[in-house]
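Have a look at the structure below, then the notes.
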Amino acid sequence: MAKQFILNSIWKHEKQPIDEQTLRDYLAVIKSELDPNGELWLENIWYKIDDYTHGSISFYASEAAYTKMLDRIEAQRNVADDLNGIVLVHEFKGEVFAVMSEVYS
């Protein structure tokens, strides 16, 4: 069985402060465009660090699923940068090896 793959990134909003509702709406749009069947991109969580910075944690079915989506992810990121002034600051990624709900009893 393939291990889930995690992508954790930090984003800087250079043009304006974070508008949470606008970002929620945008997340719905990119989910429907990047993985409409929900087979590759399992979950995404955006969290606010400060008024101009947010974090993102994406869960993919496997590293192969992430790799399959990589071209689509990069295209979406270019749009986010060009249109919204949102720039990638840091990115960390790797395979899942432990999940609290699976080891805690």
Side-chain angles (χ1 to χ4, degrees):
M1 177 181 227
K3 293 181 181 180
Q4 284 189 0
F5 192 75
I6 304 295
L7 176 65
N8 189 336
S9 50
I10 306 297
W11 298 90
K12 189 71 174 175
H13 296 243
E14 295 187 329
K15 291 184 179 178
Q16 60 190 11
I18 292 169
D19 180 328
E20 293 178 17
Q21 186 57 52
T22 298
L23 285 179
R24 281 191 287 275
D25 295 344
Y26 184 61
L27 181 57
V29 169
I30 62 173
K31 172 60 177 166
S32 68
E33 291 179 0
L34 297 181
D35 186 27
N37 297 325
E39 298 170 349
L40 305 173
W41 191 20
L42 305 177
E43 183 65 86
N44 186 254
I45 299 167
W46 287 351
Y47 58 96
K48 191 172 182 180
I49 297 170
D50 62 39
D51 287 342
Y52 288 87
T53 313
H54 86 271
S56 171
I57 305 170
S58 290
F59 297 80
Y60 297 91
S62 64
E63 186 171 4
Y66 165 76
T67 301
K68 186 174 181 178
M69 288 188 61
L70 197 51
D71 287 343
R72 289 176 266 176
I73 293 166
E74 290 299 324
Q76 179 273 322
R77 286 178 171 181
N78 290 337
V79 168
D81 187 11
D82 291 343
L83 290 179
N84 303 320
I86 302 172
V87 179
L88 179 64
V89 177
H90 297 289
E91 180 177 77
F92 310 95
K93 53 192 168 188
E95 281 188 339
V96 172
F97 68 88
V99 177
M100 184 173 62
S101 62
E102 294 175 2
V103 299
Y104 181 76
S105 40

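Of the candidates L23, D19, N84, L23 is the only one forming a side-chain contact (heavy atoms from CB on, under 4.5 Å) with H13.
Rounding to the nearest 0.5 angstrom, the gap separating the CD1 atom in I57 from the CG atom in L7 is 10.0 Å. Once rounded to the nearest 0.5 Å, the distance linking CD1 of I86 with OH of Y52 reads 12.5 Å.
The side-chain hydrogen bond (donor to acceptor under 3.5 Å, both in side chains) search around D35 returns K31, not counting sequence neighbours. Every residue meeting the salt bridge (Lys or Arg N to Asp or Glu O under 4.0 Å) condition with E20, not counting sequence neighbours, appears here in chain and number order: R24, K48. For L27, the side-chain contact (heavy atoms from CB on, under 4.5 Å) test picks out I30, W41, N44, W46, with sequence neighbours left out. Shown here are the side-chain contact (heavy atoms from CB on, under 4.5 Å) partners of E14, two or more places apart in sequence or in another chain: K12, V87.
Side-chain contact between T22 and Q16 is absent, with no heavy atoms from C-beta onward closer than 4.5 Å. Between F5 and S62, every side-chain heavy-atom pair lies at or beyond the 4.5 Å cut-off.
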For residues 67-75, please give each side-chain donor-acceptor pair under 3.5 Å, one per line with the distance, not counting sequence neighbours.
unit_1 : atom_1 : unit_2 : atom_2 : d
T67    : OG1    : E63    : O      : 2.9
R72    : NH1    : L34    : O      : 2.7
R72    : NH2    : K68    : O      : 3.4

Which donor-acceptor pairs under 3.5 Å do the side chains of residues 88-102 make with protein atoms, sequence neighbours left out?
unit_1 : atom_1 : unit_2 : atom_2 : d
E91    : OE2    : R77    : NH1    : 2.8
E91    : OE2    : R77    : NH2    : 2.6
K93    : NZ     : Y66    : OH     : 3.3

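Placement of W11 and I6 in two distinct hydrophobic clusters is found when ILVMFWY residues are connected by side-chain heavy-atom separations under 4.5 Å, directly or transitively. Hydrophobic clustering, with ILVMFWY side chains joined whenever heavy atoms are under 4.5 angstrom apart, keeps F59 apart from L40. Grouping the Ile, Leu, Val, Met, Phe, Trp and Tyr side chains by contacts below 4.5 angstrom, directly or via other members, places I45 with I10.
The two atoms that bring I49 and H54 nearest to each other are CD1-C, 4.0 Å, heavy atoms only.
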